[in-house]
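Below is one structure; the comments refer to it alone.
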There are 2 protein chains.
Amino acid sequence: MASHPGARSRAAAGLPAITAGQIIDAAVSLTREHGVDGWSVRQLAGALEVWPAVVYHHLGERDAVVDAVTERVVALLPPPDADLPWRDWFTELLGAARPVLRAHRGVARRLALRGATMPSALRLIDSGVLVLARAGFGAEAPLAYSVLLNAACQLIAIEDDRDSRPQAGRRVAGVFDAQPDRPGLAAMSGAALADPDQLRTDDDLLYRYTIGCCLDGLDARLAALRA
Amino acid sequence: MASHPGARSRAAAGLPAITAGQIIDAAVSLTREHGVDGWSVRQLAGALEVWPAVVYHHLGERDAVVDAVTERVVALLPPPDADLPWRDWFTELLGAARPVLRAHRGVARRLALRGATMPSALRLIDSGVLVLARAGFGAEAPLAYSVLLNAACQLIAIEDDRDSRPQAGRRVAGVFDAQPDRPGLAAMSGAALADPDQLRTDDDLLYRYTIGCCLDGLDARLAALRA
DNA sequence: ACCTGAACACCGTTCAAGT
DNA sequence: ACCTGAACACCGTTCAAGT
C-alpha cells in the first residue's frame, strides 16, 4: 500500500541494516501466500519497509530473488534413505516433494526449468543418480533421474497454475456440450467437468499414475540393460 | 518504436477494418519470432499500425490472444492415422509435434497448462484416447494420454525457456568445480557443461528417452490390465 | 556499506470521444 | 461497429545523492 517506508531512514531510526537473508525470508513468505508470480519487487520491499533499490543492492534482480526462494524451498525436501531400493527411493521423494512444492506455487516450474543449476537440487540429483546407478542404470542414471523429476515437476506446475488462474477449468463444459459425438472426449469428461474436490483427487490420481508409469518404464529399461 | 500508427485514422485513410484473424496472424508471427512471452499487446498493435485498444475490441485481453495463437499452432499438428498401433501413433504424433511447438516458443507450456480446454487440442485428445481405448486401456485411456502429452510438453517447455534466457545453462560449471566429490553429479556433468550443439542433441536424447520410458511404462500397465 | 528518493522506460487495461 | 488518444495503475531496474 504505502509506496515508501514509514520512517525517514533505517539508520536514522536506529534500525539495523537489512540482510539478504531477511529479504529472502520475506520473499518465501510472499511466495507461500501468493505464489512466485504473485508478488512484485516493490511489494517485497514494501513488506520489509524498505525502498525497492535495497533488494537490488543485496540480491540483484528479481530473477535472483526467485532463485534464492527456490533454493530455500528445495532445501526443505528430505532426501530419502540412500539404502532404499530405487523405486521406493523415488516414490518417497516425489511423494514428499509434492505438498512442499504445492505450498510454494511456481517453485516446481522453476525447479523443472533450472533444477540442474541449483545448488540445493544438486544434493538430490547426486543422491538420486547414485541410487539409480547402483540399481543398474549405469550411464543412463542421469537420464532416468530427469524422467522422474521432470514428470513430477510438470504435474505440480500444472496444478500450481490452475490455482493461480481459477477460470481455466470451467470453459470445457461448453466444448463438451457442443460436441457430444466424440467418444474419446467423453471418457475424459469425468475428470474435466468435475467439481474442485474431484479435481483434487484427480490430480492425486494423475500424479501417482504418471510416476508409476515412469517407474514401470524405467524398470523395463533396466531389464533390457541387464539382458 | 512509433507509439501510434502513421495515419490519422484507418477509416480516414481508406483502409478496411482490421479483423480478429489479422490480429491473430500478427500474433502468431511475433510468437514465431520472439516466443509467446516475447511480445506485448502494444507491440502487437504496433505491428498492425493500430492502437492497443483495437486488440481489446476484437479479442479481449492478452490471455485471449495467446489462447488464439495456441489454437492456431495446435491446429498445425497432424493427427496420425487412426489405424496405427498405439505406440506408433504416439511416437509419430509426439515426434511431429516437437519441431512445430519449438518453432512457437511458449506454446507447449500453454498447451500443457490448458490443453484439455482448447478446441483444437480436443481433436487430438479424442483421436488419441480412442486409439488407447482400442488398445485395451479402457477407462484408463485418458490418464495414459495425459502421461504422454504432459511428458512431451514439459520437455519442450524447458527447451523453450532455455532459449529465452540464455544465461541459465552456464552457472553450473562453478558448482561442479566447487564440489568435485559427488559421483552422481559427475555422471550428469557431461550433459550440463556441454556446448550448445551438444545441448541440442542431449535434448533430443532426453525427449526420446522420456517418451520411450512412458510408452514402456504404459505397456507394462496394459499387460497388467489384460492379466 | 547501506539506504533514499526519484526517475526511466516500459507494461496491461479501460474509457470517453470521435467517425 | 470500429478506432483514436489519453489516461490509470502498475511494473522492473538504475542511479545520483545522502548518511
Side-chain angles (χ1 to χ4, degrees), chain A residues 1-27 30-31 34-69 106 110 164-165 167, chain B residues 1-27 30-31 34-69 106 110 164-165 167:
Chain A
M1 318 287 156
S3 84
H4 74 312
R8 286 287 160 80
S9 152
R10 289 188 65 86
L15 290 167
I18 278 230
T19 65
Q22 286 174 289
I23 298 174
I24 300 172
D25 287 344
L30 283 172
T31 298
H34 304 112
V36 160
D37 298 316
W39 51 265
S40 66
V41 175
R42 292 169 124 102
Q43 286 171 333
L44 172 58
L48 293 159
E49 304 209 289
V50 128
W51 291 85
V54 174
V55 174
Y56 288 84
H57 181 258
H58 286 279
L59 289 172
E61 50 190 27
R62 199 193 123 95
D63 230 46
V65 182
V66 174
D67 277 346
V69 168
R110 194 79 171 191
S164 305
R165 30 172 88 260
Q167 94 294 2
Chain B
M1 318 283 160
S3 85
H4 75 311
R8 287 289 160 78
S9 152
R10 289 187 65 87
L15 290 167
I18 278 228
T19 65
Q22 286 174 288
I23 299 175
I24 300 172
D25 287 344
L30 284 172
T31 298
H34 304 113
V36 160
D37 298 317
W39 51 265
S40 66
V41 174
R42 292 168 122 101
Q43 286 171 333
L44 173 58
L48 292 160
E49 303 209 288
V50 127
W51 291 86
V54 174
V55 174
Y56 288 83
H57 181 258
H58 286 279
L59 289 170
E61 53 188 27
R62 201 192 120 93
D63 231 47
V65 181
V66 174
D67 277 347
V69 169
R110 196 79 172 193
S164 306
R165 28 173 88 263
Q167 94 296 1

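Heavy-atom basis, side chains included; hydrogens, waters and symmetry copies ignored. Residue numbers begin at 1 in each chain, while the letters A, B, ... track the order of the sequences.
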Seminar exercise, completed: pair_partner(C:dT13), Watson-Crick or wobble, both distances < 3.5 Å, evaluates to D:dA7
Exercise. Whom does C:dT19 pair with, Watson-Crick or G-U wobble, provided both distances fall under 3.5 Å?
Worked result: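 Looking at the geometry, C:dT19 pairs with D:dA1.
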Exercise. Do any N or O atoms from the side chain of B:H58 and from the backbone of B:I23 form a donor-acceptor pair under 3.5 angstrom?
Worked result: no
Find the distance [X]:[atom1] to [N]:[atom2] and express it as a whole number of Å.
| X | N | atom1 | atom2 | value |
| --- | --- | --- | --- | --- |
| B:H58 | D:dC3 | NE2 | P | 4 Å |
| A:R62 | C:dC11 | CZ | C1' | 14 Å |
| A:R42 | D:dT14 | CZ | P | 13 Å |
| A:L44 | D:dC10 | CG | C1' | 17 Å |
| A:Q22 | C:dC2 | CD | P | 12 Å |
| B:L59 | C:dG12 | CG | P | 14 Å |
| A:I23 | C:dC3 | CD1 | C1' | 11 Å |
| A:L15 | C:dT4 | CG | P | 10 Å |

Nucleotide of [options] approaching [X] most closely (side-chain heavy atoms):
| X | options | answer |
| --- | --- | --- |
| A:H57 | C:dA1, D:dC3, C:dT4 | C:dA1 |
| B:A53 | D:dT14, C:dC3, D:dT4 | D:dT4 |
| B:E61 | D:dG12, C:dT13, D:dC3 | C:dT13 |
| A:V41 | C:dT13, D:dT13, C:dT4 | D:dT13 |

Exercise. So, for B:Y56 and B:E61, which heavy atoms are closest and what is the spacing to 0.1 Å?
Worked result: CE2-CA, 3.7 Å
Exercise. A:L59 and A:A64: which non-hydrogen atoms are nearest, and at how many Å?
Worked result: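 Reported closest heavy-atom pair: O-CB, 3.3 Å.
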For this session: Between D:dA9 and C:dA9, how far apart are the P atoms? Round to whole Å, please.
Result: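 Per the computed distance, 22 Å lies between those P atoms.
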Exercise. What is the distance from atom CG of A:D67 to atom CZ of A:R62, rounded to the nearest 0.5 Å?
Worked result: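 These two atoms lie 11.0 Å from each other.
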Exercise. Is it true that A:R110 and A:D63 have a side-chain N and a carboxylate O under 4.0 angstrom from each other?
Worked result: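 Here A:R110 pairs with A:D63 in a salt bridge, since their nearest N and O are under 4.0 Å apart.
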Exercise. Counting only side-chain N and O atoms of B:W51, is one of them less than 4.0 Å from OP1 or OP2 of D:dC3?
Worked result: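 For B:W51, the contact criterion (side-chain N or O under 4.0 Å from OP1 or OP2 of D:dC3) is not met.
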Problem set entry | Phosphate OP1/OP2 of C:dC11: any B:Q43 side-chain N/O under 4.0 Å |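 True: B:Q43 side-chain N/O within range (under 4.0 Å) of C:dC11 OP1/OP2.
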